[in-house]
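Let me begin by presenting the structure, written as structure tokens, before commenting on it.
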Amino acid sequence: MGRTLLEKVWELHTVRQLPTGQTQLFVGLHLVHEVTSPQAFYVLRTRGWPVAFPDRTFATVDHIVPTRERRRPFLDVLAEDMIATLERNCRDFGVPLWNVGDRQQGIVHVIGPELGLTQPGMTIACGDSHTSTHGAFGAIAFGIGTSQVRDVLATQCVAMEPLKVRRIRVAGTVPRGVYAKDVILAIIRRLGVRGGVGYAYEYAGEAIDRMTLDERMTICNMSIEGGARVGYVNPDEKTFAYLQGRPHAPSGDAFAQARTWWASLASDRDARYDDDVEVRADELAPVVTWGTNPGQSVGIDEPIPTPEAMPDSDRPAIADALEYMGLTPGARMTGQRIDVAFIGSCTNARLSDLREAARIVRGHHVAPHVKALVVPGSAGVQIAAEREGLDQVFRAAGFEWRDAGCSMCLGMNPDKLEGRQLCASSSNRNFKGRQGSPTGRTLLMSPAMVAAAAVAGQVVDVREVVL
Ligand code: SF4
């Protein structure tokens with residue numbers, strides 16, 4: 001019987017089985033940021049423990065870092081304090097830090113792949129749920145809490161529950177105007193926001209095979225929004241080509257050896273899955289969320305559901321979400337007037353996302369009532385985009401062009417919604433208050449759809465705008 005990639009990588013990193021039924025796993029790469037690490041470092045400091053593997057630990061600043069005014073000290077005292085704490089911790093514990101002003105700084109899930117730190121067959125942990133992003137490279141990558149950040153810093157190990165594997169085959173061809181973001185939103189809508197609990201999602205099928213690594217990252221990024229701790233794609237020639245020449249990837253003979261090993265980790269043809277699901281890519285339309293979790297979405301050409309048409313058990317949550325969002329059951333998402341357009345986050349702020357959004361806004365202008373911002377996922381993305389003149393395209397269209405960070409994905413920094421503003425967002429969470437205002441409202445969609453909405457001042461079907 002063949003094995004899945006998850007089984008192979010899990011076994012290779014198993015230190016021992018714990019009496020709790022969990023597995024003690026060795027962590028190949030630990031990514032650290034300013035928000036979930038201070039308590040963890042504090043424990044090490046007070047106990048006199050070193051970081052076990054500083055050469056497998058890399059830190060950057062992303063969550064709280066301002067994206068506009070970056071002179072130190074930051075105007076935001078909390079941000080200044082958190083970043084100063086991370087600087088001190090990294091210095092004292094010998095952990096490399098990519099700080100504000102460095103070319104390698106950026107959202108932790110954007111810089112890992114960009115720098116070639118993320119590689120097939122690794123176990124990767126980070127104190128952020130969207131660590132699943134790195135699974136696009138055939139890594140087993142998962143978010144951990146602050147106490148586990150402490151465990152990994154101190155021991156390079158973490159206790160994990162065993163996972164089942166659900167293969168999600170995306171068959172057919174993704175139509176024009178439909179993006180990886182739409183595919184994953186459609187998957188989450190179908191399987192539910194808790195459908196993946198206890199599973200790793202293995203994404204496969206022709207549509208996934210055809211996707212770029214950037215697109216696969218978008219898919220894997222949102223696995224956690226479907227309840228799956230881990231999402232991955234088997235490594236292939238595109239994976240190897242992406243990694244070749246990256247600063248932290250192996251080079252020369254070591255690359256050739258690594259490539260052979262990476263290829264051997266892909267799930268075997270006769271691997272057994274705990275569940276198998278097929279999604280038809282050709283049937284998909286651009287997807288927009290109407291509710292307060294990423295599973296509450298519709299295709300742009302469908303009406304918002306009415307609670308009465310849904311199972312009894314779902315009705316209270318749907319009614320509550322509709323009331324919070326101020327949306328009418330049965331109405332269409334097209335035509336909903338937006339206040340803010342945000343292109344950013346670890347889901348959709350890579351160079352390819354910005355190129356596509358720029359293609360849509362080029363020669364147009366943001367609607368007068370819309371505040372629109374583009375926040376590159378990393379300084380590397382920012383530099384590359386500016387080299388291509390994308391910043392000029394966005395600025396000419398009335399967007400603000402910011403420095404790299406999480407920005408309005410979570411509103412832990414000065415980029416926040418105000419009051420009940422409605423935001424078309426390329427991020428990954430539309431929970432109540434997620435974007436910094438307790439009453440702010442988020443519509444998740446692809447960056448292309450955000451760009452089109454920014455120009456129209458309302459939600460539109462990007463396929464009817466410029467394609
Ligand atoms: S962009 Fe959002 S989801 Fe991604 S790491 Fe930052 S806060 Fe987390």
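Residue numbers run from 1 in the order of the sequence given. We count ligands from 1, going down the list as the structure has it; atoms in each ligand are counted the same way.
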Nearest atoms (heavy-atom pairs only) where A358 meets F394: N-CZ, 3.5 Å
Should you measure from each heavy atom of H130, which atoms of ligand 1 turn up under 4.0 Å away? 3 (S)
When distances are taken from atom 5 (S) of ligand 1, the protein heavy atom at minimum range is D128 OD2, 3.3 Å
Ignoring hydrogens and geometry beyond distance, is a side-chain donor-acceptor pair present between T347 and N428 at under 3.5 Å? yes
Residue-level breakdown please: for R434 versus ligand 1, do any non-hydrogen atoms fall below 4.0 Å on the side chain, on the backbone, on both, or on neither? side chain
Could you report the tightest heavy-atom contact between K238 and R210, atom names first, then the distance? NZ-O, 2.7 Å
Would a distance-only check, ignoring hydrogens and angles, find a side-chain to backbone donor-acceptor pair under 3.5 Å from E323 to D320? no
Side chains of E386 and W401: donor-acceptor distance under 3.5 Å anywhere? yes
Considering only non-hydrogen protein atoms, determine which one is nearest to atom 6 (Fe) of ligand 1 and report residue, atom name and distance to 0.1 Å. C406 SG, 2.3 Å
Which of the atoms in ligand 1, numbered in the order shown and given with their element, are less than 4.0 Å from a heavy-atom of L410? 7 (S)
Can you tell which part of H63 has a heavy atom less than 4.0 Å from ligand 1: side chain, backbone, both or neither? side chain
Taking only non-hydrogen atoms of E225, do any sit less than 4.0 angstrom from ligand 1? no
Non-hydrogen atoms of I107 versus ligand 1: any pair closer than 4.0 Å? yes
If only side-chain N and O atoms count, and only distance matters, is there a donor-acceptor pair under 3.5 Å linking T23 with W10? yes
Heavy atom of N428 under 4.0 Å from ligand 1? yes
When you check the side-chain N and O atoms of N221 and T218, is any donor under 3.5 Å from an acceptor? no
Can you tell me which residue and heavy atom of the protein come closest to atom 2 (Fe) of ligand 1, and the distance to 0.1 Å? C409 SG, 2.3 Å
Heavy-atom contacts under 4.0 Å between M412 and ligand 1: side chain, backbone, both, or neither? neither
Atoms of ligand 1 close to C346 [distance to a heavy atom under 4.0 angstrom, numbered from 1]: 1 (S), 3 (S), 4 (Fe), 5 (S)
If we ignore hydrogens and angles and just use 3.5 Å, is the side chain of D92 paired with the main-chain N or O of N89 as donor and acceptor? no
